[in-house]
Every structure is written in structure tokens, then in C-alpha cells.
Peer 1: 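Before I ask anything, here is the structure I am working with.
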Number of protein chains: 2
Amino acid sequence: MKKDSKLSSVLHVLLHMAHSGQPLTSEQLAAFLHTNAVVVRRMLAGLRELGYVDSVKGHGGGWSITCDLKQVTLRDIYDAVGTPSVFAMGHRVEDPQCLVEQAVNQALDEAFRDAEALLIERLSDVTLADLSDDFNRRFRIQSQA
Amino acid sequence: MKKDSKLSSVLHVLLHMAHSGQPLTSEQLAAFLHTNAVVVRRMLAGLRELGYVDSVKGHGGGWSITCDLKQVTLRDIYDAVGTPSVFAMGHRVEDPQCLVEQAVNQALDEAFRDAEALLIERLSDVTLADLSDDFNRRFRIQSQA
DNA sequence: TTTTCATGTAACAAACAATAGTACATGAAA
DNA sequence: TTTCATGTACTATTGTTTGTTACATGAAAA
């Protein structure tokens, strides 16, 4: 299964935006991701609607962060990019008549449900500010080397 | 992303095999899954190599279970089908130079690692015998209705 | 007012992975 | 020797993510 990297990508550009004093254009953000500007606009459209970022057209325009990094968690961003499906495994048939398949589905569902809940909990524990701090730490270490 | 349903499918046919007194052919198993016999042979090939099932050619041949249902867990079967990747989300770049992306990847990795560990733990808690018992319970309930 | 820069978005193309299907070889029992 | 069944290579289909092109919209600068 081809993996969805929207969450990873959005977080990446958000941090670049956070560390830039001025708006960044879709082209600039796309360069960070080695991709196309249209992909960036699509990715960020949802976040703009939710008020996490803003975009400005024309000269000097571009994207900037409009939320408090300390208040927004990775879980919020996960939701903002459309709560992509967590697991790469699924049931063969979603609502089977077969009693055997019902038993299998339920057993798997329980395991997946618990794992997903833990994932969401972990994502809720990390704010964008935490990520930003981690980046700054890495930057200091690399500068010393 | 198209979800991998090998684990679900294999468990489904294993339980049918467990509840059959005699070997079942690939055609019969394929009918349970509404798919092709070749798909079944491919799915079960790995389990045969690991000794969970056996296949016999020719008249009266087919597939049967050769393991102890009480000893084999869903985690064993998960491994037997090739430990398919758990998550439908991934990093944009696996080993990035960009410090921002490194920070993002690490934060996500920690969350995913914990969730995957819990999933495996839950799968290890359930044996094929448990699934079989659950099926029998469902069967009794439906028979009463 | 016109040009330039930038986003907004629809429509289409490419890349990739899971599943399905076909064809033919192998082997065992009737 | 015929029939049944697996083994497997090869190809086709389907669905999803990502990338690309084209053009409309809007704002600032010249």
C-alpha cells in the first residue's frame, strides 16, 4: 500500500513557516518538500479553513502561521489534513454475513481500536512548539559540530 | 490507499479449515472469500512453509490445519503472511538531511512505534482457538434465533 | 491602468501496490 | 490414463497517492 505522507509533509512546511519571519510562497515550500507548488496549496487549503495558517495573494504574498504553536498538537494537524486512515490493513468484507468473518473482524477490530487510540493519544501529547524546540536543539548541535 | 487484507483473509479461511473435518480445496476456500483459487494458494503458501497448514495434491486433496489452535496467535499469523506494514501513513523522506524533517520524523516515529507495539501485543493475546470459540458462540446464538 | 506575482482549483497524468485472472506444469488418486 | 488438485510465472485490473498542466482570481507594484 502506498503510504500517505500528508501529515509528515504538512508538519514539515509548518515548521519552516514557523521559523521564517515572513510569508513563504507555495514555490518556496514546495522546494523544501521537493515537490510541486500545487501540491502544497492543496495540502494547506484545509489548514487555512481551520484558521491554522493564512494565505495572501499577489506581491509579497504567501503562507504564514496564524495559530499558537503551544496550543496546537500533532493530533490537531492530523485532523486538519483529513484524519487519513491510520492502518494499512483492513477487512476483506466490511459487514460480512459469514459468522466466521464476523468473528475475525471483531477480534482484529479490538486490536486496531486500541492501537489507534494510543496513537491519537501520543499525537495529542506533542505540540508544534515541542517540534520547533526539537528542531532548535538539532540546529544548535549541528552548528557546534 | 488500498488496504492489505491478507491477514483478515487468511484468518477467515483458517477458521473454515478448522471447522471442517476434511481437507478443503483452494476452490472451496476461494468461494468463502469470493475470490480466485490462485489467490488462496498464494496466501497459504507461506503458512505451509511455516508448518501451520498442509496441502495435498490430487483426488481428495486440499488444505488442512496442522497446528494446535491453542498455541498459535494472531501475531503468529500476522508474521506468517509477511508482517505487512501496519500503518497507512509514512514519512515523505525516510532519511532526510533537513533538520526540520528529522524532527518531524522522530516525533511521528515515537507515536507510531508505541501504537505498533500495542497492536502486536493485542494480536499476541488472541489464539486461533479463541477465534474458533467466538465463532461457535455466534453460531449458537444464531441457531437459537 | 497594466504588468507582475501569487494563490485557487479543476482536470488530467503518472506511479505504485494490492488483488484478480490466465495458462500451463506437476503430482497423486481413481 | 484420466481426473482432480496444487504450484507458479506472467499479465491484467483496480484504486490511491502524488504530480502536472492550464487557466481563473486577486493584490501589489510599475
Side-chain angles (χ1 to χ4, degrees), chain A residues 1-10 12-13 17 20 22-49 53-66 81-94, chain B residues 1-10 12-13 17 20 22-49 53-66 81-94:
Chain A
M1 180 179 222
K2 197 173 202 176
K3 295 198 172 190
D4 182 320
S5 62
K6 277 198 287 291
L7 178 57
S8 164
S9 301
V10 163
H12 187 175
V13 298
M17 287 160 65
S20 163
Q22 54 191 334
L24 294 173
T25 68
S26 303
E27 291 287 352
Q28 291 172 307
L29 295 174
F32 290 129
L33 298 180
H34 306 105
T35 184
N36 191 291
V38 175
V39 173
V40 171
R41 291 186 195 119
R42 258 198 306 247
M43 275 189 342
L44 293 181
L47 276 77
R48 181 185 54 226
E49 286 162 20
V53 299
D54 192 30
S55 63
V56 173
K57 288 181 176 178
H59 275 275
W63 297 85
S64 39
I65 290 198
T66 54
V81 297
T83 58
S85 75
V86 171
F87 297 108
M89 289 181 273
H91 302 319
R92 180 172 196 90
V93 171
E94 216 46 51
Chain B
M1 182 188 269
K2 197 173 203 173
K3 295 198 172 190
D4 182 320
S5 62
K6 275 196 290 289
L7 177 57
S8 163
S9 302
V10 164
H12 187 175
V13 298
M17 287 159 63
S20 164
Q22 53 192 333
L24 294 172
T25 68
S26 303
E27 290 287 352
Q28 290 173 309
L29 295 174
F32 291 130
L33 298 179
H34 306 106
T35 185
N36 191 290
V38 175
V39 173
V40 172
R41 291 188 194 119
R42 259 197 306 250
M43 274 190 342
L44 294 182
L47 276 78
R48 182 186 51 225
E49 286 163 20
V53 298
D54 192 29
S55 62
V56 173
K57 288 181 176 177
H59 276 273
W63 298 85
S64 39
I65 291 199
T66 54
V81 297
T83 57
S85 76
V86 170
F87 296 108
M89 290 182 273
H91 301 321
R92 182 172 196 87
V93 171
E94 217 47 50

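Computed from a predicted structure; not experimentally measured. Labels below follow one simple rule: chain letters A, B, ... track the order of the sequence lines, proteins then strands, and each chain is numbered from 1. Side chains are part of it too, since the values below use all heavy atoms of this structure and drop only hydrogens, waters and symmetry mates.
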Peer 1: Let me spell it out: for each of A/H59 and B/D4, pick the nucleotide of DNA chain C with the closest heavy atom. Which residue's pick is nearer the 5' end?
Peer 2: A/H59
Peer 1: Quick one: B/H34 NE2 to C/dA20 P, roughly how many Å, whole number?
Peer 2: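 Atom NE2 in B/H34 sits about 12 Å away from atom P in C/dA20.
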Peer 1: Just how far, in rounded Å, is P of D/dG19 from NZ of A/K6?
Peer 2: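 The distance from NZ of A/K6 to P of D/dG19 comes to 11 Å, rounded to the nearest Å.
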Peer 1: Check the distance between C/dA20's C1' and B/M43's CE and give it to me in whole angstrom.
Peer 2: 13 Å
Peer 1: Is there a donor-acceptor pair under 3.5 Å between the side chain of B/Q28 and the backbone N or O of B/T25?
Peer 2: yes
Peer 1: Among D/dT18, D/dT6, C/dT7, which nucleotide sits nearest the side chain of B/S55?
Peer 2: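 Among D/dT18, D/dT6, C/dT7, the one nearest the side chain of B/S55 is D/dT6.
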Peer 1: Nearest nucleotide by nearest heavy atom, which residue falls closer to the 5' end of DNA chain D, B/R42 or A/N36?
Peer 2: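 Comparing both residues, the 5'-ward one is B/R42.
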Peer 1: How many whole angstroms separate atom CD of B/E27 from atom P of D/dC4?
Peer 2: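 My rounded result for the distance is 12 Å.
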Peer 1: In whole angstrom, what separates B/L44's CG from D/dT6's P?
Peer 2: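 Value for this atom pair: 10 Å.
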Peer 1: With rounding to the nearest 0.5 Å, note down the distance linking CZ in B/R48 to CE in B/M43.
Peer 2: 12.5 Å
Peer 1: Quick one: which of D/dC4, C/dA20, D/dT18 gets closest to the side chain of B/V39?
Peer 2: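 It is C/dA20.
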Peer 1: From the set C/dA18, D/dT6, C/dT7, return the single nucleotide nearest to any side-chain atom of B/S26.
Peer 2: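 Selected nucleotide: D/dT6.
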Peer 1: Quick one: is C/dA18 close enough that its OP1 or OP2 comes under 4.0 Å of any side-chain N or O from A/R92?
Peer 2: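 A/R92 to C/dA18 OP1/OP2: no side-chain N or O under 4.0 Å.
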Peer 1: Please test B/V39 against B/L33 for side chain to side chain contact (heavy atoms under 4.5 Å, CB included), starting from the C-alpha separation and ending with a verdict.
Peer 2: CA-CA 10 Å; B/V39 173; B/L33 298 179; 5.8 Å; no
Peer 1: Hey, what do you get for CG (A/D54) to CE (A/M17), rounding to the nearest 0.5 Å?
Peer 2: 9.0 Å
Peer 1: Could you work out which one of D/dG7, C/dT19, C/dA17 sits closest to the side chain of B/R41?
Peer 2: D/dG7
Peer 1: What's the closest nucleotide to the B/K57 side chain, out of D/dT20, D/dT14, C/dA28?
Peer 2: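 The closest nucleotide is C/dA28.
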Peer 1: Please report the distance, rounded to the nearest Å, between CD in B/Q28 and P in D/dA5.
Peer 2: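 The answer, rounded to whole Å, is 8 Å.
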Peer 1: Under a 3.5 Å limit for both distances, which nucleotide forms a Watson-Crick or G-U wobble pair with C/dA29, could you say?
Peer 2: D/dT2
Peer 1: Roughly how many Å is it from NZ in B/K2 to C1' in C/dT19, rounded to a whole number?
Peer 2: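 Rounded to whole Å, this separation is 5 Å.
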Peer 1: Rounding to an integer number of Å, can you tell me how far A/L29 CG sits from C/dA6 P?
Peer 2: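 To the nearest whole Å, that distance equals 12 Å.
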Peer 1: Mapping A/S5 and B/G62 to their closest nucleotides on DNA chain D, which lands nearer the 5' end?
Peer 2: B/G62
Peer 1: Given D/dA5, D/dG7, C/dT7, identify the nucleotide with an atom nearest to the side chain of B/T25.
Peer 2: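 So the nucleotide nearest the side chain must be D/dA5.
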Peer 1: Evaluate side-chain hydrogen bond (donor to acceptor under 3.5 Å, both in side chains) for B/R92 paired with A/S9, printing each intermediate quantity in order.
Peer 2: CA-CA 6 Å; B/R92 182 172 196 87; A/S9 301; 3.1 Å; yes
